[in-house]
Amino acid sequence: MRWSQMFIPTLRDDPADAVAPSHRLLIRGGFIRQLMAGSYSMLPLGMRVATKVSDIIREEMNAIGGQEFLAPVIHPAELWKTTGRWDDVEGIMVKFEDRRGIDLVLALTHEEVFAHLASEISSYKELPQLWYHLQTKFRDEARPKSGLLRVREFIMKDSYSLDRDRDGLDRQFEAHRGAYNRIFTRLGLDSIAVEASSGNMGGSDSVEFVVRSETGEDRVARCGRCGYSANLERAVSLVEEIEDTPWGGEPQPFATPGIRTIAGLAEVGEFAAAERQIKTLAYMVGDEFTLVVLRGDHDLEVQKLADSVGEAVRTATEEEIVAKLGAHPGSLGAVGVLYPVVADHALKGRTNLVTGANEDDVHIRGVDVDRDLPVTKWLDLRTVNDGERCGSCGEGALSVTNVIEVGHIFKLGTKYSQALGANVLDETGRPTPIVMGSYGIGVGRAMAAVVEVSHDDRGIIWPVSVAPFTVVITLLRPDNPGVAEAGDRLYRDLVEVGLDVLLDDRKERPGVKFADSELIGIPYRLTVGPRGLEAGEVELTARDGWLRENLPILQVTERLVGLMS
RNA sequence: CGGGCUGUGGCGCAGCUUGGUUAGCGCGCCUGCUUUGGGAGCAGGAGGCCGUCGGUUCAAAUCCGACCAGCCCGACCA
């Protein structure tokens, strides 16, 4: 490809509204352009990268027996009503009607469609199956951001395993784990597999593949000693026990005018230190008003709450709170309430604590959890903090880091096959629901993740595996006949041996060409100029700086082929 | 959804407070000449419904209102 004929709109300045490095560089390098919030066009350069990422994914999926499909991106609402997700995913689902007035949705994912297809399988003998496709998803995210890292429209590789039993599912799940490790390694990503929440996908186990990055929105805890790693949505740590001083008597209300926060209350006195307070939060669990209580200095991990109650949860509104408890947030407590109370384990057995009195500007001291709180459920609800003791081995310290989620694999079970009647007959002739797994990788996000972990102040540094071109031939004087001829010959030779070559024949000054080639991150550059040609040589450099050498023009092909292996 | 900010040629910005020539600057783009191993110089030129709608006014990029869009923080997130 000749650069002069290719659409590569590089920008000298950073776009004003891009903050994340991958966002900045993909725009500046002419890989992507935004159409609206969370929606990007792939330009030719971006498309070349996306294609290479997709091809790697395809190869590894095929290697574990995957069969490629292409399912539609517009689904009948009926399909989603059948599994109940029509209501569950209210908000991010785009719904509309066709001319007949039939409800339609844009695909958020494809469990329903593949389970529907699977209903054509009638015998256990036809299992296992592994089906996948690369297809557009649309999720009307409340807050798209950071370029390709969090978008509304994106292409995802999603695969669906179909088995007769849990053992089969386990095998396909492990096969995916292996395939995902190979995929991310080939993409140049140092991925970590972590325990994760299944969210409202349903099912049992789920493992996320994450890449460490400041820009990442997810957080994971890892134990340096035993290797335990989990998303903060699930991570568990050991909390140091606290020695309570006895109080003995009845709980005693006391006036706390104007105090609305844990920190504010802690200033009242030693007896009200944050770890001696009960934090009371009001949530709607399903349709039920529920109080959630934790130690004052602990934070609620909402996903843990949702996962353990198995229902949709949301914070109660201030109006609901006042109506139910008669006080505003800041003075809430669970002493003697008639509503369900779920409590974090760290409060178990605590005595002489301080909490709100459900009367504005009044708190209560001397509260014994077991005696005074009508706890209906004890759960793990708190958010793990950096440095706490590992909940798995009990000895190592957990470190919490930001990560980008690049892949997620789920053991779904039979939720979808049961809802959609995807059954097979077993050996005894009895219908049994197909056991499913679902596995996703976002193509664009993977691209962005590569840029996040592989760039410098000059631009992107693509690994050869996904680089839009492997080598760029930079002609310093394209109007010089000798240079043009040498460039053409090198181009033909390198294309001949199967390399992706970009010939920079633009009539630009050298500085512009060097800067552009570094911005778009081509792994190798051949610099061809009159000065070098006098000695019959060209310069070969590697984008990441490890190589800079002059070599005879006749040895270039052999050298590059050698570098590829 | 709550809070903050921003919308002016392709990109980055000034002008708006205090309304009044032809809306300006840098980069990029086009033409010519010179230059050419790290984002050139000179000369000439093209390109703008100032986000949209409405209002105030003799007069609106500028003041007022509504709306739309985008970004950031938070809530949320398959």
Side-chain angles (χ1 to χ4, degrees), chain A residues 7 9-20 23-24 27-28 30 33-39 80 83 85 88-93 107-112 137-147 149-152 154 156 158 196-203 206 208 217-218 231 233 281 283 300-303 306-307 312-315 317-318 405 407-410 412 415-416 438-442 445 458-459 474-480 483 506-519 525-534 537-539 541 548 550:
Chain A
F7 183 62
T10 58
L11 301 175
R12 185 185 292 222
D13 300 315
D14 273 331
D17 49 18
V19 176
H23 188 194
R24 249 177 42 229
I27 301 264
R28 269 191 66 199
R33 283 294 183 269
Q34 185 176 49
L35 182 62
M36 58 179 172
S39 170
W80 288 74
T83 58
R85 292 209 288 183
D88 291 353
V89 292
E90 191 74 34
I92 61 170
M93 184 155 57
L108 309 170
T109 174
H110 285 79
E111 278 79 15
E112 276 79 0
K137 310 285 183 266
F138 194 97
R139 298 175 186 175
D140 193 6
E141 293 277 353
R143 191 178 164 203
K145 57 181 283 200
S146 305
L149 283 174
R150 180 153 161 192
V151 291
R152 297 149 85 205
F154 58 101
M156 175 164 139
D158 41 324
S197 159
S198 300
N200 47 7
M201 285 288 282
S206 113
E208 255 177 18
E217 296 191 289
D218 278 11
N231 191 300
E233 292 175 347
L281 305 167
Y283 272 79
L300 171 67
E301 171 54 56
V302 181
Q303 193 64 47
D307 287 349
V313 302
R314 65 166 174 85
T315 52
T317 63
E318 189 152 342
E405 175 190 359
H408 203 156
I409 60 182
F410 300 88
L412 294 179
K415 171 177 175 178
Y416 300 92
S438 117
Y439 317 84
I441 296 178
R445 184 182 282 183
R458 295 182 171 194
T474 301
L475 304 183
L476 296 181
R477 298 286 303 271
D479 52 343
N480 174 307
V483 169
R506 295 175 301 162
K507 292 174 177 46
E508 289 289 349
R509 297 173 60 81
V512 174
K513 297 187 166 200
F514 291 146
D516 272 347
S517 76
E518 285 152 2
L519 174 61
R525 182 175 74 208
L526 284 167
T527 306
V528 182
R531 189 193 296 171
L533 281 185
E534 279 179 29
E537 289 186 332
V538 296
E539 185 191 56
T541 49
R548 176 179 290 272
N550 290 308

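Just the heavy atoms: all of them, side chains too, but no hydrogens, waters or symmetry mates, feed the values below. Chain letters run A, B, ... following the sequence lines, proteins first and then strands; every chain starts at 1. Note that the structure is a prediction, hence the values are computed from the model and not measured.
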*Asks:* Heavy atoms only, 4.0 Å cut-off, all strands: where does Ile92(A) land among base, sugar-phosphate and nothing?
*Replies:* nothing
*Asks:* Sticking with atom P, work out how far rA40(B) lies from rG24(B), rounded to a whole angstrom.
*Replies:* 27 Å
*Asks:* Would you say Arg143(A) reaches rC73(B)'s phosphate, i.e. side-chain N/O to OP1/OP2 under 4.0 Å?
*Replies:* yes
*Asks:* Would you indicate, yes or no, if rC71(B) has its OP1 or OP2 atom less than 4.0 angstrom from a side-chain nitrogen or oxygen of Gln34(A)?
*Replies:* yes
*Asks:* C1' atom, rG19(B) versus rU62(B): distance in rounded Å?
*Replies:* 6 Å
*Asks:* In this structure, how many angstroms lie between the P atom of rA69(B) and the CE atom of Met36(A), rounded?
*Replies:* 10 Å
*Asks:* Ala142(A) near the nucleic acid: base, sugar-phosphate alone, or nothing, with a heavy-atom cut-off under 4.0 Å?
*Replies:* base
*Asks:* For Leu149(A), is there any backbone N or O sitting under 3.5 Å from a side-chain donor or acceptor partner on Arg445(A)?
*Replies:* yes
*Asks:* If we count only N and O atoms by modelled type, under 3.5 Å, do the side chains of Glu537(A) and Asn550(A) hold a donor and an acceptor together?
*Replies:* no
*Asks:* Base, sugar-phosphate, or nothing for Arg139(A), non-hydrogen atoms under 4.0 angstrom?
*Replies:* base
*Asks:* Is any side-chain nitrogen or oxygen of Lys145(A) closer than 4.0 Å to OP1 or OP2 of rC73(B)?
*Replies:* yes
*Asks:* State plainly whether the residues Glu111(A) and Arg85(A) are in salt-bridge range, i.e. N to O under 4.0 Å.
*Replies:* yes
*Asks:* Considering every strand shown, what is the Watson-Crick or G-U wobble mate of rC33(B) when both distances are under 3.5 Å?
*Replies:* rG41(B)
*Asks:* Toward the 5' end of RNA chain B, which comes first, Val313(A) or Arg152(A), by nearest nucleotide?
*Replies:* Arg152(A)
*Asks:* Assess, by modelled atom type and distance only, whether the side chains of His110(A) and Lys137(A) contain a donor and an acceptor separated by less than 3.5 Å.
*Replies:* yes
*Asks:* Minimum heavy-atom separation for Arg28(A) to Asp13(A), with atom names?
*Replies:* CG-O, 3.5 Å
*Asks:* Please determine, for the side chain of Asp17(A), which listed nucleotide (rG26(B), rC71(B), rA78(B)) has the closest atom?
*Replies:* rC71(B)
*Asks:* Distance between the C1' atoms of rG51(B) and rG70(B), in whole angstroms?
*Replies:* 10 Å
*Asks:* Classify every nucleotide of nucleotides 33-46 of chain B by which part a protein heavy atom approaches to under 4.0 Å, writing B for the base, S for the sugar-phosphate alone and - for neither, in 5'-to-3' order.
*Replies:* --BBBBBB------
